[in-house]
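Within every chain, numbering begins at 1; the chains are lettered A, B, ... in the order of the sequence lines, protein sequences first and strands thereafter.
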Number of protein chains: 2
Amino acid sequence: MKQQETIKATDAELEILNILWTHGPCTVRQVHDLLAQHKDAGYTTTLKQMQVMHEKQLLSREAQGKSHLYTAIPSRHMAQGQIVQRVIDSIFNGSAMQLVMQALGNHKPSQKELDMIEEYLNQKKDDMTTSK
Amino acid sequence: MKQQETIKATDAELEILNILWTHGPCTVRQVHDLLAQHKDAGYTTTLKQMQVMHEKQLLSREAQGKSHLYTAIPSRHMAQGQIVQRVIDSIFNGSAMQLVMQALGNHKPSQKELDMIEEYLNQKKDDMTTSK
DNA sequence: ACGAATGTACGACGAATATCGTAATTGCAA
DNA sequence: TTGCAATTACGATATTCGTCGTACATTCGT
């Protein structure tokens, strides 16, 4: 059911995964052009990177015309979970709450976002009284 | 006012910083012994690492007897902020809230923790109505 | 005062990563 | 069908990171 236990990706690889997660399946050219907007690297660099990621089972690919269409294999949600956990373990001494506070503090949440959390909290509380 | 704009530390370095943050100034031996509890590496490895970190201005040091006492230069809080921001940018598409939700979802907060957040939220709301 | 123990300094090495040049391949348009 | 432009394949190189061996320095107990 799980083709992959843990995701091991470098920062550069994360960037590419993020593009794929956001834009759906892409060719190397598309990914590269997006990357090039805020980063400076040659086309073959991106190509090589994606080839390696394909070997590492981070990307699947399918021929399409003369090029390849690449797709992210790990889900964004799964990767997020793992990375968040790693951050918590490494510098938040294992406390997820501290991370939450940090993120909230940094961010100056908008009213709408505060409402979102509140709603979430209320729902959690309901869960607690209803069951368990 | 700020001796350091951005903190660039590898995972291994983060581990060491975390020890220093938690235990306060330490000698190489102390850090190494703590690391050795859940990791396997030689003493000189830790030493070298901390020397490099000293060059990189991640650690300051002070002679103490025959050894050196090392201290983390960046504050834990600052490092947390930067890392959280980087995570948000790289895989949460810039949305701090998504990270918060992910962390909350992962973690199954306790009642006490929920109260903490709620209190925090109320305070935020007060801020919003009082000032600004 | 001297030798063992404990530290530090320094350089080297392997693996992984990032980057790119160049060659081979492929699809398509004329 | 043939040539060109785009794409892929395949190393080669540079850099960084983690690791450690070994040499040098210092302290302390006796």
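Nearest to the side-chain atoms of A/Ala12 among the listed nucleotides D/dC20, C/dA18, C/dA9 stands C/dA18. When the nucleotides D/dT19, C/dA9, C/dA18 are ranked by their closest atom to the side chain of B/His68, C/dA9 comes out on top. When distances run from any side-chain atom of B/Arg29 to the nucleotides C/dT8, C/dG7, D/dT7, the shortest one goes to C/dG7. Taking the side chain of A/Lys66 as heavy atoms from C-beta on, and the options C/dG27, C/dC20, C/dA18, the nearest nucleotide is C/dG27. Which of C/dT17, D/dC10, D/dC17 sits closest to the side chain of B/Thr10 comes down to D/dC17. Residue B/Leu47 has its side chain nearest to C/dA9 when only C/dG7, C/dA9, D/dT8 are considered. The A/Gln51 side chain lies nearest to D/dA9 when the options are D/dA9, C/dT19, D/dC17.
Side chain to side chain, A/Asp89 and A/Gln85 meet the donor-acceptor criterion of an N or O pair below 3.5 Å.
Under a 4.0 Å N-O distance rule, the pair A/Lys56/A/Glu13 qualifies as a salt bridge.
Within the nucleic acid shown, B/Gln49 comes within 4.0 Å of sugar-phosphate atoms alone, with no base atom in reach, counting heavy atoms only. Contacts of B/Ser67 with the nucleic acid, taken as non-hydrogen atoms under 4.0 Å apart, involve only primed sugar atoms and P, OP1 or OP2. Across all strands shown, B/Thr44 has heavy atoms under 4.0 Å from base atoms, whether or not it also approaches the sugar-phosphate.
Minimum heavy-atom separation, A/Leu58 to A/Pro74: O-CD, 3.3 Å. Residues A/Met97 and B/Leu104 approach most closely at SD-CD2, 4.3 Å, considering heavy atoms. Between A/Val100 and B/Ala103, the closest heavy-atom pair is CG2-CB, 3.8 Å. A pairwise comparison of heavy atoms in A/Asn18 and A/Arg76 identifies OD1-NH2, 2.5 Å as the closest pair.
Going from atom NE2 of A/His54 over to atom C1' of D/dC10 covers 16 Å, rounded to whole Å. Whole-Å rounding puts the A/Lys8 NZ to C/dT17 C1' distance at 14 Å. Rounded to an integer number of Å, the gap from A/Leu14 CG to C/dA18 P is 10 Å. Rounded to whole angstrom, the span from the CD atom of A/Gln64 across to the P atom of C/dT26 amounts to 16 Å. With rounding to whole Å, A/Asp33 atom CG is found 13 Å from D/dA6 atom C1'. Atom CD in A/Glu55 sits about 14 Å away from atom P in C/dA18, given to the nearest Å. Atom CE in B/Met50 sits roughly 17 Å away from atom P in D/dC20 (whole-Å rounding). Rounded to an integer number of Å, the gap from B/Asp40 CG to D/dC20 C1' is 12 Å.
Between A/Tyr43 and C/dT19 there is no side-chain polar atom (N or O) within less than 4.0 angstrom of OP1 or OP2. Dashed line: the shortest gap from a side-chain N or O of A/Arg61 to OP1 or OP2 of D/dT7 is not under 4.0 Å. Look at B/Lys39 and you'll find a side-chain N or O under 4.0 angstrom from OP1 or OP2 of D/dT19.
Contact of A/Lys48 with D/dG11 (side chain to base): a donor-acceptor pair of N or O atoms is detected under 3.5 Å.
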